[in-house]
Amino acid sequence: MTRTKEITMTPETARPFIDIHVPVAAALAAGKPVVALESTIITHGMPYPDNSAMAANVEKIITDEGAVPATIAVVNGRIKIGLSDGERESLAMTGGAMKLSRADMAYAVAEGRTGGTTVAATMIAAHLVGIKVFATGGIGGVHKGAEKSFDISADLDELARTPVIVVSAGAKAILDIEKTLEVLETRGVPVVAYGSDIVPAFWSRKSPYAAPLRLDAAEKIARLYQTRAALGLDGGLLVANPVPESDEIPTERMAGYIKAAQKAAEAQNISGKAVTPFLLAKILELTNGASLKTNIALVENNARLAAKIAISLSR
C-alpha cells in the first residue's frame, strides 16, 4: 500500500502563496512591532462605506501607537499580509467574498478566490510570517444551542494550536459565553481580562462570568506570552479587553436585542457560517445603528492595546 507523504505547511512551503506588503516586510525584517488585523470584519461585519472607514482608521491607530498594521486577507488566491489603501478599499466593496477559516483557506488560495479571514485564518497567516499579535473585535465560540447543532467556531481550536496573542473584546455576545470559556479552558488557552475581574461581553463591559486571569499592563501580557513560549506550551493567548465605558451598550439592553435576533434566525432557518453575519446585521437594525458604533469603538480600543503589546514584545 502506497502511503501519501504528509505535508506540513511551514513558512517555506507557504511562501509562494503569500504577498507581504512592503512596509510590513520591512518591519518584520527589522524586528519592529507588527499587529495583524482580520478582514471578515471588512467583508462580512459592516456595510460599505463604514467597513472601509473603520479599517483605515484602525490601521492609523496602530501606526500612531508606534507599530505597523498588517490587514490580512485572501485576494484572488493570494494570501495578503498587509494591504495597500487601494486593495483595502477594493476589498471593502467586494460582494460575494468568502468567509475563510482553517477548513477553506487553502481552497480559496487554490481556486483563486477572494475572502475575508476569520480569527482562525488570520492567526494561521500571521504565524506563517512571524507576527505574534493580532487585534480583532470578538472571537467566535460556542453558539447557543450547540448541544444540538454542534456549532462551535474553529477559532477556539486555533487558539489552542497557534501561538498568536489575540486581543479582542471577548467572545461575541451572541454566543454562549459560559460554554466558550469552558472549551477554552479544556483546550488550555489562557483567557486574560485586561484591567478587569469580569469577562467582557463584546458590546458590554461585563458578562456574568469571572475572568480566569487578569493582567493590567501590556508589558505583563507580553511577559506571559514569552513565558509560555519558554515553557514549551503550545497555542495562543486570548486577551479580553472591555469596550470603553462611554461606548458600551449595557448587558441588560443587549440581551433583548440578541434574543430577538436569534428568534429571527431560527424563524428563517439560518445556519452555519451565515449565522453570525445574520445576527450582527439584525442587531444593527434593532439598535438603530448603535451596535455598529460600539463595534467600531471596541475594535479601535483593541488595536491600541495590541500595538502596546507588540511594542513590548519587540523590546
Side-chain angles (χ1 to χ4, degrees), residues 8-11 14 18 20-21 24-25 27-28 31-41 58-59 62 65 67-74 79-82 100-103 105 116-141 153-171 180 183-184 187-194 213 215 218-241 299 302-314:
T8 302
M9 187 163 64
T10 67
I18 295 175
I20 306 180
H21 192 38
V24 178
L28 290 171
K32 292 182 178 178
V34 178
V35 175
L37 297 165
E38 54 131 311
S39 50
T40 51
I41 196 168
V58 169
E59 288 197 5
I62 290 169
E65 289 288 337
V68 177
T71 299
I72 292 174
V74 176
I79 299 172
K80 298 285 186 175
I81 310 294
L100 302 175
S101 190
R102 174 171 280 270
M105 186 177 182
T117 52
T118 60
V119 168
T122 305
M123 289 180 74
I124 292 167
H127 180 53
L128 282 172
V129 298
I131 299 174
K132 298 180 176 67
V133 185
F134 159 35
T136 185
I139 65 161
S153 171
D155 293 353
L156 304 187
D157 275 351
E158 207 60 52
L159 278 159
R161 76 204 300 177
T162 303
V164 172
I165 299 171
V166 178
V167 182
S168 72
T180 298
V183 171
L184 288 168
R187 299 286 195 272
V189 178
V191 178
V192 179
Y194 181 68
L213 302 169
L215 289 172
E219 296 81 4
K220 291 189 174 185
I221 295 169
R223 186 162 69 237
L224 172 58
Y225 176 84
Q226 290 166 332
T227 302
R228 281 177 55 81
L231 293 173
L233 297 172
D234 295 332
L237 190 161
L238 178 63
V239 178
N241 184 28
V299 172
N302 294 340
R304 289 186 190 95
L305 177 56
K308 290 179 172 70
I309 296 169
I311 290 166
S312 294
L313 282 174
S314 70

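Test V68, L313, I62, I81 against V34 for side chain to side chain contact (heavy atoms under 4.5 Å, CB included) and you get one pass: V68.
Closest non-hydrogen pair, I311 versus A67, comes out as CD1-N, 4.5 Å. Among all heavy-atom pairs drawn from N302 and A169, the shortest one is ND2-N, 3.3 Å. When all heavy atoms of T180 and A171 are compared, the closest pair comes out as CG2-CB, 4.1 Å. Between L213 and P190, the shortest heavy-atom distance links the atoms CD1-CB, 3.9 Å. Nearest heavy atoms, P69 versus V24: O-CG2, 3.6 Å.
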Please step through side chain to side chain contact (heavy atoms under 4.5 Å, CB included) for the pair L305 and Y194, ending with a clear verdict. CA-CA 9 Å; L305 177 56; Y194 181 68; 3.7 Å; yes
Give the C-alpha distance, both sets of side-chain angles, the deciding distance and a yes or no for side chain to side chain contact (heavy atoms under 4.5 Å, CB included) between E59 and L37. CA-CA 8 Å; E59 288 197 5; L37 297 165; 3.8 Å; yes
Intermediate values then yes/no, side chain to side chain contact (heavy atoms under 4.5 Å, CB included), R102 and E158: CA-CA 8 Å; R102 174 171 280 270; E158 207 60 52; 2.7 Å; yes
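In this structure, the separation between CD on E65 and NZ on K308 is 3.5 Å, given to the nearest 0.5 Å. In this structure, I309 CD1 and S314 OG are separated by 12.0 Å, a value rounded to the nearest 0.5 Å.
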Could you list the donor-acceptor pairs under 3.5 angstrom formed by side chains in residues 119-137, with sequence neighbours left out?
{"residue": "T122", "atom": "OG1", "partner": "T117", "partner atom": "O", "Å": "3.4"}
{"residue": "T122", "atom": "OG1", "partner": "T117", "partner atom": "OG1", "Å": "2.8"}
{"residue": "T122", "atom": "OG1", "partner": "T118", "partner atom": "O", "Å": "2.7"}
{"residue": "T136", "atom": "OG1", "partner": "E38", "partner atom": "OE2", "Å": "2.6"}

Under 3.5 Å donor-acceptor pairs involving side-chain atoms of residues 226-239, not counting sequence neighbours:
{"residue": "T227", "atom": "OG1", "partner": "R223", "partner atom": "O", "Å": "2.7"}
{"residue": "R228", "atom": "NH2", "partner": "D234", "partner atom": "O", "Å": "2.7"}

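The main-chain N or O of V164 is never found under 3.5 Å from a side-chain atom of T162 such that the two would form a donor-acceptor pair. In this structure a side-chain-to-backbone donor-acceptor pair under 3.5 Å is missing from S101 to A103.
Counting only heavy atoms from C-beta outward, the side chains of L156 and I139 approach each other to under 4.5 Å.
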